[in-house]
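Worksheet for the structure shown next.
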Amino acid sequence: MTPAATNDVLIDATGIEKSFPGVRALAGVSLQVRAGRLVALLGENGAGKSTLMNILSGVFPPDAGTIRVVERVVPNALSLTEVRFASPRDAQALGIGIVHQELNLIPGLTVAENIWLGREPRTAAGLIDYARLHADTAAILTRLDLPVDPETLVGELRVGQQQLIEIGKALSADARVLILDEPTSSLSSHEVAVLFNVIADLKRAGVGLVYITHKFEELARICDDLVIMRDGRLVGTATYGELTRDALVRLMAGREPKEIFQKTTTTPGAELLRAEKIVLPGDGVGRRFLVDHVSLTLRRGEVLGIFGLIGAGRTELLETLFGQHAGRAAGTVTIEGRVVRFRGPADAIAAGLAFAPEDRKRDGVVLPMSVLANASLADLRPALRGGFVSPAREHAHIATYLERFRVKTPSVDELIINLSGGNQQKVILAKWLATGPKILLLDEPTRGIDVNAKREIYTFIDELTQAGLGLIVVSSELPEILALADRVLVLCEGRATAEFTRADATAERVLSAALPDRAMALAS
Amino acid sequence: MTSPDYKAFFARFRSLLALGLMVLALSLLSDRFLTPDNGWNILRQISVNLCLSIGMTLVILGGGIDLSVGAILGLAGAVAAGLLKHGLGIPGTTLWIEFTVFGAILAAVFVGGAAGWCNGFAVTRFKLPPFVATLGMLSIARGLTMLWTGGFPITGLGDDFGHIGTGAFLGMPLPVWIMLALTAVFVVVTKRTRFGRHLYAVGGNERAARLTGLNVGRIKLAIYTLAGALAGVAGLIVTARLDSAQPNAGLGYELDSIAAVVIGGTSLSGGRGSVAGTVLGCLIIGVLNNGLFLLNVSPFWQQVIKGGVILLAVALDKMNSKGRET
């Protein structure tokens with residue numbers, strides 16, 4: 001190692017590779033984190049950003065590559081040592097802190113207990129020193145300008161406040177390197193401003209930061225260096241300001257949905273679905289309505305795109321339409337002119353609806369079952385002979401659907417856990433098409449899917465539209481919505497804020513309808 | 001194979017190997033082990049545990065647990081014995097119903113099934129954790145057994161009833177016939193019916209199963225009811241064999257049953273395993289008990305060894321699945 005090059009480098013990761021069953025998440029990625037600088041990590045969903053950060057913070061080990069970290073700070077001569085993290089604790093011990101995208105807080109413990117979990121100050125008797133715990137916590141809350149009592153239970157806080165507590169947790173560890181994975185996704189404009197001040201302070205104190213984001217407007221305020229990732233590879237590094245915004249977008253997206261896919265123009269037919277004043281009350285914390293009097297219509301041979309930011313109520317709207325919140329939700333749903341009232345998903349399926357959920361592992365597939373068993377699960381009747389499941393019949397019935405969606409699997413008897421995300425999604429589509437649906441609800445259909453599978457999914461959506469199905473596609477990726485949808489419905493904080501035809505739907509219009517007022521402050 | 005679960009297959013293969021090794025070792029160590037009489041003996045002894053364990057397999061495959069099967073066994077046996085011996089008076093009337101052997105059998109299965117249904121109702125309707133719901137039923141069923149028997153054994157049930165436990169048909173003991181028939185039925189139910197497939201799906205991913213339109217509540221209600229009814233069958237065998245319903249019959253049997261299911265390779269987190277594996281698990285426990293007895297190992301040591309085998313089996317299973325998932 002050359003001392004000159006490592007002068008202010010806190011982490012030097014080279015040639016990092018990582019594969020999961022069916023996916024190559026990282027293919028030889030390198031990253032340097034330098035003292036007093038913030039490197040922004042940009043890339044689409046599934047580009048491998050979070051995987052890389054998980055490796056740097058010891059959540060799981062890389063398959064290949066080396067990580068070298070500063071172990072001791074000696075003035076003017078930072079020396080790097082190669083490390084192998086066995087757990088996040090090892091990374092923490094070397095001063096690497098991370099704020100994950102998902103909240104990792106324990107709702108039943110207080111703010112103070114959460115922040116210092118595992119590092120609680122002790123009294124001489126070995127018990128928790130609550131006086132110091134609360135004083136230390138109050139200091140951190142002041143830094144974050146968060147007016148809550150250290151003894152408040154975390155479960156009682158808003159999601160944005162919880163996100164700040166996560167950040168406070170990382171601050172409390174006095175990390176030398178701090179990784180922030182989309183930290184502002186549910187912060188208010190004031191909270192974002194406070195966070196950016198904290199980041200500036202940290203930089204002055206010589207902390208190295210890695211910042212993952214989708215929001216370009218945030219970069220100007222905090223960013224020093226840029227690293228752009230795509231499909232598990234590094235596709236660009238630059239100093240902030242070297243690249244125009246357009247160049248950045250091109251690097252990130254690789255190919256825009258509009259470039260990899262050409263929508264076939266169809267003339268929508270008769271009305272399939274009409275939903276009026278759909279209401280889903282909140283569960284007591286946060287907003288009063290998760291879905292707030294939303295109305296929509298869907299015609300045969302039409303794609304209705306629903307766009308909204310995190311927390312806009314997109315998923316909740318689809319779930320409500322699918323009968324999942326029966327009993328809590330209100331509103332009128334009409335299918336082909338007949339008013340329906342679903343007591344649960346089974347009723348919705350019987351009425352011709354199908355729903356591919358956003359979180360496939362949690363809600364979509366049964367991981368310990370085979371590809372075939374997953375695909376036949378929604379309707380086993382065609383596989384029955386004399387009341388018993390006949391493997392031959394099941395195979396014959398389902399194989400056509402698996403082939404139609406070009407599911408790549410060594411065998412239909414393979415466990416679905418061993419398939420890539422894209423192929424799992426195709427199995428889910430095959431499952432639903434086998435039930436002969438009229439209306440398909442797709443929630444983030446290409447999340448965590450590589451670009452080729454993405455193109456295939458777009459093509460399937462197009463084919464199904466031409467076949468006369470009505471599709472509702474929810475996506476947080478604007479280019480995807482603009483490429484797929486015949487009409488775009490925009491949600492913001494549970495309410496429908498605008499509806500555009502395909503011709504009227506420009507990125508600027510859709511986005512501004514999706515943003516609550518706070519984003520205006522950031523656009524400067 | 002309808003749903004080829006390679007992990008379960010290896011688990012089963014490993015259990016088979018372990019069973020083979022045990023049989024081989026015991027044959028060498030004791031000349032009384034490998035005899036036809038002892039073979040029937042082992043099968044007759046495991047028949048009760050297998051009845052319980054088939055039901056336990058269904059419940060565990062569905063992602064639950066049932067701690068009440070031993071207590072339900074005791075209650076069902078006592079009810080059958082009491083009805084057979086004394087009949088049943090209708091409260092508030094002078095009516096008195098006499099029970100035939102067949103009537104007593106139906107009553108035992110019905111009582112078991114009803115108790116199991118209550119478990120399922122508590123789990124599905126009131127969303128109680130299965131551990132808690134069935135722990136409550138354990139205590140309730142034990143208490144009801146004591147109330148019904150007054151704490152004393154009910155004996156002298158007659159030869160016809162005793163036949164269930166001690167009789168034979170075509171040279172094979174009746175409990176073994178019952179056990180084989182139930183095994184065959186439930187292998188088919190789990191592997192070749194819609195209910196079976198849905199059961200694996202509910203245990204494997206309840207949220208996905210619900211979103212795919214499966215009636216999760218009905219499936220859960222069914223498995224607890226079946227587990228209770230099967231405990232009723234086990235209660236009949238135990239009571240008939242002893243020609244007596246003991247108020248404490250079945251005490252702690254739920255633990256042997258969970259052990260058999262786990263040794264048979266069924267995952268406690270649900271969705272993975274098989275009835276066939278559980279048969280092997282029961283055989284392993286049965287052969288172990290029998291062999292240790294023949295070798296004059298003290299009953300206290302028998303318990304220690306059995307515990308060690310359970311831990312070993314689960315540890316091997318964990319190592320196996322870890323190696324596959326990463």
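Heavy-atom basis, side chains included; hydrogens, waters and symmetry copies ignored. In the text below, chain A, chain B and the rest are named by the order of the sequence lines, each starting its count at 1. As the structure is a prediction and not an experimental result, all values here were calculated from the model.
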So, for Val389(A) and Arg194(B), which heavy atoms are closest and what is the spacing to 0.1 Å?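 Minimum heavy-atom separation between Val389(A) and Arg194(B): CG2-N, 3.9 Å.
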Please report the closest heavy-atom contact between Val188(B) and Phe388(A), naming both atoms and the distance.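 Nearest pair, atom of Val188(B) first, then Phe388(A): CG1-CE2, 3.5 Å.
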Heavy-atom side-chain proximity of [X] to [Y] below 4.5 angstrom:
X         : Y         : value
Tyr200(B) : Val366(A) : no
Arg197(B) : Ser376(A) : yes
Arg210(B) : Asp363(A) : no
Arg192(B) : Pro391(A) : yes

Within this structure, what is the [atom1]-[atom2] distance for the pair [X] and [Y], rounded to the nearest 0.5 Å?
X         : Y         : atom1 : atom2 : answer
Phe322(A) : Leu211(B) : CZ    : CG    : 6.5 Å
Thr212(B) : Ile349(A) : OG1   : CD1   : 6.5 Å
Leu214(B) : Leu380(A) : CG    : CG    : 8.5 Å

Give a yes or no on whether the backbone of Pro368(A) and the side-chain of Asn205(B) come within a donor-acceptor separation of less than 3.5 Å.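 No, the answer is negative, given that no donor and acceptor are paired below the 3.5 Å cut-off.
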Side chain, backbone, both or neither: which part of [X] has a non-hydrogen atom closer than 4.5 Å to chain B?
X         : answer
Phe355(A) : side chain
Lys431(A) : side chain
Leu377(A) : both
Ile428(A) : neither

Report, as yes or no, whether the 6.0 Å neighbourhood of atom CZ on Arg218(B) holds more than 12 heavy atoms from other residues, nucleotides or ligands.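 No - once you tally the heavy atoms of other residues, nucleotides and ligands closer than 6.0 Å, there are 12 at most.
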Just checking Phe195(B): does its CZ atom have more than 12 heavy atoms from other residues, nucleotides or ligands closer to it than 6.0 angstrom?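 Result for CZ/Phe195(B): enclosed.
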Chain B: which of Gly323(A), Gly344(A), Ala378(A) shares the most heavy-atom pairs with it under 4.5 Å?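 Of Gly323(A), Gly344(A), Ala378(A), Ala378(A) has the most heavy-atom pairs under 4.5 Å with chain B.
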Residue, of Arg360(A), Lys361(A), Gln324(A), Arg362(A), that accumulates the most heavy atom pairs under 4.5 Å with chain B: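 Max contact count across the listed options: Arg362(A).
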